[in-house]
There are 2 protein chains.
Amino acid sequence: MADLLSVAKLAGVSRATAARAFSQPELLRSETRRRVLEAARRLAFRPNRVAQQLRTRSTRILGVLVPSLDNPVFAEQLQAMETAARQAGYSLLITTTGYDASKEAEIVEEMLRQRVDGLILTVAEADSNDVLDKLGKESVPCLLVYNQPANADTPSISVDNRAAMADATTHLLDLGHRRIGMIAGPVLQSDRARLRYEGYCQAMRAHRLPPLPLIEMPRHTHADLAVLEPHLYGSERLTALLCTNDMLAISLMGDLQRAGFSIPADISVVGFDGIALGALLNPSLCSVVQPRAAIGQAAVNTLLAMIKGESPTRERLSHALRQGDSVGPPTPGSAAPFPSTSPTQRR
Amino acid sequence: MADLLSVAKLAGVSRATAARAFSQPELLRSETRRRVLEAARRLAFRPNRVAQQLRTRSTRILGVLVPSLDNPVFAEQLQAMETAARQAGYSLLITTTGYDASKEAEIVEEMLRQRVDGLILTVAEADSNDVLDKLGKESVPCLLVYNQPANADTPSISVDNRAAMADATTHLLDLGHRRIGMIAGPVLQSDRARLRYEGYCQAMRAHRLPPLPLIEMPRHTHADLAVLEPHLYGSERLTALLCTNDMLAISLMGDLQRAGFSIPADISVVGFDGIALGALLNPSLCSVVQPRAAIGQAAVNTLLAMIKGESPTRERLSHALRQGDSVGPPTPGSAAPFPSTSPTQRR
DNA sequence: TTGTAAGCGTTATCAC
DNA sequence: GTGATAACGCTTACAA
């Protein structure tokens, strides 16, 4: 591939002049500029970003790390980030960790070697995280997304997870629900899940109700009815379920319906994230909406500001409760269906 | 940040020796190697990939271009690609185009400047595509995914879209359906949609039935009931609908149910892609499964092989029809609900 | 307005 | 085994 020097030669100018035709064209006499550009065209010259990056010590690449792409909440955020980044002339190096801390470390190290200009991370656990501690000592701007760390060491962008889940819980309480449960993915892997559970507890206590223990699912995005079964039948059966994310809620609804439950008549279901899909389903999913696109955009813009040297901020974006047909008042007379012998059986 | 030269100095060796401690450690005397690594540790040395890339003329970065992340089919494929790439020591530069051809061109140009080692593209339109023509003249290995170009200029990995949709159509025909419609997103933007429509037509004709015109939706991932309404009522109403992708099918099911239709009693719905989510819903979505993870993995591995100089292949991966409760035999007696005054009305 | 020349941090080719 | 030294392709003072 042709380089700047060959372009310069063909145009009969020095390498510096050829370079300027691209970086500061206004400095050149228009005739010179024309000759250079013409030469570049004839040689199919294409500036080498790698060389530029080495020389300028800036890659204009942002490293992005998310737990997974299986959950649309991340995909929707990435979509917004990619657009915002490209608009500012930056590219995204995107990676997934599967909530694995050792993978997080590995990937961050690789990104630092690649000399990314900044990092946007969604980690499993923002508090007491080795990777973040290490990054604190580095000079690379770094921003957390969705994570809401207790200590203020790393700037972050998220909603107020506790208040958000408290709001959702209060909504159910106001409808008359009393036996409200909450389910989460592998909870040890997610600081957000814990905050959301705290919000639930807080709201329950505010209504003088004892919070129930968190029901933990083996996977982040699939419910497992077997785990839930003890809470679905009998006089103490739950009339409403809060889920730490929408995928969990959606799969739960499907499973419940297959097990004979009617939603919301027999049981109400609330999600968290507000992914677009939820509103399309029937019944539509009631969910705490995180402004995913706004979060993604804010993340990129904040990080770019940090790269320019501005001081980092910790942003709390506001959440909203999206109403949906998956929630209704508890129906006292509604008889829970008999537990089948294998309620989670599937094709 | 410390560089190799400062490491070399601290270790009391030449720069070349310091470099070898990382690239070919076995060449060094173990004592020398130890001294270099110790020095590197003390200086927190981190190899500069950009310099390596410039010198070796290889970035170990793959450029990936997909239409959108809103559709989980792409997210699921990316997930697999990211894992496969990382395993081979490659990173992914991921971008989205929103089915916009000019954006495709822009992004590919930027990736070539970045000197990616290869490109994995899912374009809107694989036939008569300027970008692909241009890439054909470049020396960068390039691979299409999901696209199934008519001409064999660019290697590609996909299912046989025509046969796949024909299979789905035949399934409906075998169940007794006769008035089967097909809906798609903006069809001009997707070569796959056209092939799938051909498959539908082929299967219909094989049963001596006239294929119906393709029903085109304004968006790729949201159905619009208003457009469909003429086909839902009266004696000629459709008893089954094929969708070019699962998101379209899922949103359609929700809308139909809200409009009073029962699925599959009143109307059967079939999707395409087989995204994981579809199986979780109730009714579960019957869909043509594209092996998304296998496609992603095959894409990376094939591209890496091409980068090593092996000759490109055009792979057809096999599809499968996933049964689902969204499909049943047509019910002759089933009365279509009266059209509401505004069947698409939503909160 | 244009040219000269010194890097950016590696790897690779020789020597020794 | 180890060390000099020349690239890789570009940017950018500084000179002219």
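A note on names: the letters A, B, ... follow the listed sequences, proteins ahead of strands, and every chain is numbered from 1.
Between Q52(A) and P47(A), some side-chain heavy-atom pair lies under the 4.5 Å cut-off. For the pair L69(A)/E76(B), no side-chain contact is recorded, criterion being any heavy-atom separation below 4.5 Å from C-beta on.
Heavy atoms from other residues, nucleotides or ligands lying under 6.0 Å from CD of E138(A) number more than 12. Remark: K134(A) NZ is packed, more than 12 non-hydrogen atoms of other residues, nucleotides or ligands lying under 6.0 Å away.
If you check every strand for non-hydrogen atoms under 4.0 Å, F45(A) touches sugar and phosphate atoms only. Within 4.0 Å (heavy atoms only), L28(A) reaches sugar-phosphate atoms of the nucleic acid but no base atom. In this structure, L54(B) reaches the bases: a heavy-atom distance under 4.0 Å links it to at least one base atom across the strands shown. If you check every strand for non-hydrogen atoms under 4.0 Å, V13(B) touches sugar and phosphate atoms only. S23(B) comes within 4.0 angstrom of no nucleic acid atom, judged by non-hydrogen atoms across all strands. Heavy atoms of R15(A) sit under 4.0 angstrom from at least one base atom.
With E38(B) as reference, R41(B) is the one residue of R42(B), R35(B), R34(B), R41(B) to meet the side chain to side chain donor-acceptor pair (under 3.5 Å) rule.
A salt bridge links R46(A) with E109(B): at least one charged nitrogen is closer than 4.0 Å to a carboxylate oxygen. Between E110(A) and R49(B) there is a salt bridge, with a side-chain nitrogen of the basic residue lying less than 4.0 Å from a carboxylate oxygen of the acidic one. Taking 4.0 Å as the cut-off between side-chain N and carboxylate O, R86(A) and E106(B) do not count as a salt-bridged pair.
Interface limits on DNA chain C: the 5'-most and 3'-most nucleotides within less than 4.0 Å of chain B heavy atoms are dG9(C) to dA12(C). Running 5' to 3' along DNA chain D, contacts with non-hydrogen atoms of chain B at under 4.0 Å begin and end at dG1(D) to dG9(D).
Mapped onto DNA chain D by nearest heavy atom, A16(A) and A18(B) fall at different nucleotides, with A18(B) at the one closer to the 5' end. Along DNA chain D, the nucleotide closest to A51(B) and the one closest to S14(B) are compared, and the more 5′ of them pairs with S14(B).
Put simply, CG on L54(B) and OG1 on T59(B) are 11.5 Å apart, with the number rounded to the nearest 0.5 Å. With rounding to the nearest 0.5 angstrom, the CD atom of E104(B) is 9.5 Å from the OG1 atom of T122(B).
The terminal axes of the helix from dT1(C)-dA16(D) to dC16(C)-dG1(D), fitted over 5 pairs per end, subtend an angle of 40° to the nearest 10°.
With no hydrogens or angles considered, a side-chain donor-acceptor pair links Q114(A) and Q53(B) at under 3.5 Å.
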